[in-house]
Amino acid sequence: MPDLAIIVPSVLNGLTTGALYALVALGLTLIYGVLHIINFAHGALLMLGLYGVFYLNTRFGIDPYVALLIVPPAMFAIGYALQRGIIGRASHGRDENILLVTLGLAIVIENASLFLFKSDTRIIDVPYAFEVVEIFGAFLPLPKVIAFFGALVTAVLLWLLMAKTDLGRAIRALAKERKGAKLVGINVEHVFAMSFGLGIACLGVAACLLLPSYYVSPQVGHGFVLIAFTIVVLGGMGSFVGALIGGLIIGVVEALGGLFLGESLGQIGIFLIFILVLIFRPTGLLGHRV
Amino acid sequence: MRQLVILLGIFAALFLVPFAVTSEAWRTTIILTLYAALLGQAWNILGGYGGQFSFGHAAFFGTGAYTVAVLQVQFGLNPWLGLIAGAALGVAVAAFIGFTTFRYGLRGSYFALVTLAFAEVLRILSNTVDFTGAGVGILIPLEQSATNMQFASKAGYYWLLWLITLAAFLTVWWIGHSRFGARLMAVRDNEDAARALGVDPFRVKMQAIMLSGFFSALAGVFYAQFFLYLDPGIAYGPAVSVESLLVPIIGGMGTLFGPLLGAVALHTVSEVTREVIGDLPGVSLVIYGIILIVMVLFAPRGLAGLVARLTSRRSTATREARHA
């Protein structure tokens with residue numbers, strides 16, 4: 001039994017990793033939790049965002065945190081166009097078709113990246129990459145601490161957007177009653193595309209906050225897809241606070257799993273949680289539908 | 001009956017293929033196409049006829065593949081017995097996954113995600129435990145003889161695969177013409193209505209997932225003996241699950257010949273792209289993905305649906321011409 005001196009840093013480290021997961025899951029919460037669009041391309045789009053940040057940094061010397069002004073809007077545009085041009089048209093009234101079309105998008109994006117960017121794993125070189133912050137005796141990398149607070153801010157902003165703005169109200173109306181929303185004059189296609197765009201913009205934010213402490217490769221999204229779905233379901237579909245808490249829980253579970261079960265078996269806890277939650281409590285921890 | 005005659009005719013012709021094709025390279029291409037049809041038909045039972053979209057058929061495939069490989073390498077068991085064990089374990093895994101998910105009424109996208117998670121759990125486990133060779137994988141020693149299910153000529157592999165695939169296609173023909181199949185399709189089309197008519201959806205879905213798992217596991221056994229190497233990514237990775245569903249979706253879900261059409265179409269496309277662009281990493285998969293998107297956008301009922309639409313249009317046209 002490892003003692004507290006090992007467990008506490010492990011938990012704190014798990015919390016910061018969990019915040020990164022939460023960032024990726026926040027966008028999915030909007031897309032899957034609110035609009036019930038299964039987006040298998042979520043990981044692939046995150047990867048695109050990471051390459052965006054990577055090339056902005058290596059070609060133009062733009063700091064990842066400055067890229068926050070560029071990458072999320074670009075990702076928003078990509079998301080809006082994808083939903084409007086492809087995903088929205090593909091449903092033919094069936095969820096399964098959306099599943100398949102986003103799977104197709106994931107395959108295309110990932111393999112095109114494999115071709116364009118080669119399979120090498122790349123990292124960027126920023127001066128603060130190895131700076132650490134000491135909290136409760138644990139030394140945490142500065143970029144991860146920044147990402148932790150970035151996740152908090154993003155969750156709050158999304159919550160405000162949903163609660164206070166017309167767009168948020170329209171999205172909630174659509175999620176609840178599509179026909180009724182149409183009847184009161186909501187432009188369904190536009191609002192769907194706006195929400196999808198926002199969800200993908202969140203991935204842009206995640207990419208900017210992720211890259212200083214992470215890496216990018218064409219397959220990097222894989223690891224995030226199921227984790228993000230797990231977090232969304234765990235957090236209670238459509239709840240941003242839930243996604244944040246869910247992300248932190250998953251991060252800690254993974255860290256402790258790695259500590260007690262070893263590196264390769266550590267992630268198994270995540271999938272077991274996912275299966276158990278889906279089976280026994282598909283409404284999630286903070287279970288209510290938006 | 002007409003369908004059965006066509007089916008048997010196609011398979012009779014397929015039986016003769018190795019006599020006509022003597023190049024081992026071409027035989028391999030044909031084997032991989034038929035193997036894709038088998039994988040696709042296995043998925044089709046549950047996904048096409050049962051309407052349950054599994055994203056984790058690798059769970060059954062990998063179990064079949066690892067069973068035959070592990071029993072052979074660790075316990076010296078003959079692969080023909082391993083085949084039986086692999087199929088049985090594949091069915092057991094299917095029954096377990098089916099029981100835990102259908103019991104709690106998981107449908108649609110929930111079912112898809114949970115099957116994906118099950119396959120991931122198995123991938124991580126096989127990556128960790130020793131008897132599967134963990135991350136290094138498992139290499140089946142080369143001992144070519146028919147009693148050892150390792151054939152010196154590709155033709156031997158072809159006929160083994162032909163037999164399994166024929167069994168899968170006959171099973172699906174039977175599903176299309178049996179009370180079980182009628183119940184399964186009723187559950188697919190409207191589960192609540194089916195229940196109201198006295199169908200037990202849980203039972204029907206369990207039977208479908210076990211049948212589906214059986215043939216997926218057999219495909220896994222074949223894969224292991226054919227390539228003689230396995231690792232967690234090959235056996236339980238998402239690529240198998242994706243191929244399993246891509247083939248019948250391209251070809252036509254819930255149709256007898258859909259998986260065959262889909263397998264031929266996909267492999268023709270990938271052969272042609274390889275000829276034209278060469279062996280660039282990722283390119284053939286990009287084309288797979290684009291085909292998938294285009295099919296879902298414009299032909300949601302697959303190639304078989306397209307064919308049916310064209311032929312029915314032609315027959316209505318001729319009928320109208322006759323009436324005129």
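Just the heavy atoms: all of them, side chains too, but no hydrogens, waters or symmetry mates, feed the values below. Reminder, nothing fancy here: chain letters follow the sequence lines and each chain counts from 1. Please read all numbers here as calculations on a predicted model, not as lab measurements.
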Next item on the list: Name the option with the most non-hydrogen atom pairs under 4.5 Å to chain B; the candidates are V225(A), I98(A), L114(A), L103(A).
Entry: L103(A)
Margin query: Tell me which of these, I107(A), L272(A), L226(A), T230(A), has more heavy-atom pairs under 4.5 Å with chain B than the rest.
Written below: L226(A)
Margin query: Classify the ring geometry of F76(A) against Y80(A): parallel below 30°, tilted from 30° to 60°, perpendicular beyond 60°.
Written below: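 Answer is tilted, since the angle falls between 30° and 60°.
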Next item on the list: Can you establish whether the number of heavy atoms outside F96(B) located under 6.0 Å from its atom CZ is more than 12?
Entry: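 Open.
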Could you look at [X] and say if it's the side chain, the backbone, both or neither that has a heavy atom under 4.5 Å from chain A?
X	answer
F55(B)	side chain
A112(B)	side chain
V294(B)	neither
I249(B)	side chain
I287(B)	neither

Margin query: If you take the centroid of each ring, where Trp contributes its six-membered ring, are Y32(A) and F229(A) closer together than 6.0 Å?
Written below: yes
Note to self: Please classify the contact between I38(A) and chain B as side chain, backbone, both or neither, with a heavy-atom cut-off of under 4.5 Å.
What the structure shows: side chain
Note to self: Counting only non-hydrogen atoms closer than 4.5 Å, does L105(A) touch chain B with its backbone (N, CA, C, O), its side chain (CB onward), both, or neither?
What the structure shows: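 Both the backbone and the side chain of L105(A) come within 4.5 Å of chain B.
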Check: Within 45° of the ring axis of Y215(A) and under 6.0 Å from its six-membered ring centre, is that where the NZ or CZ of R122(A) lies?
Finding: no
Checklist line | No-hydrogen, no-angle side-chain donor-acceptor test under 3.5 Å, E254(A) and Y21(A) | finding: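 There is such a pair (donor and acceptor under 3.5 Å, judged by atom type) between the side chains of E254(A) and Y21(A).
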Notebook entry, point to check: Looking just at side-chain N and O atoms, do H57(B) and E243(B) make a donor-acceptor pair shorter than 3.5 Å?
Noted result: no
Margin query: To the nearest 0.5 Å, what is the distance between CE on M185(B) and OH on Y49(B)?
Written below: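 The distance works out to 6.5 Å.
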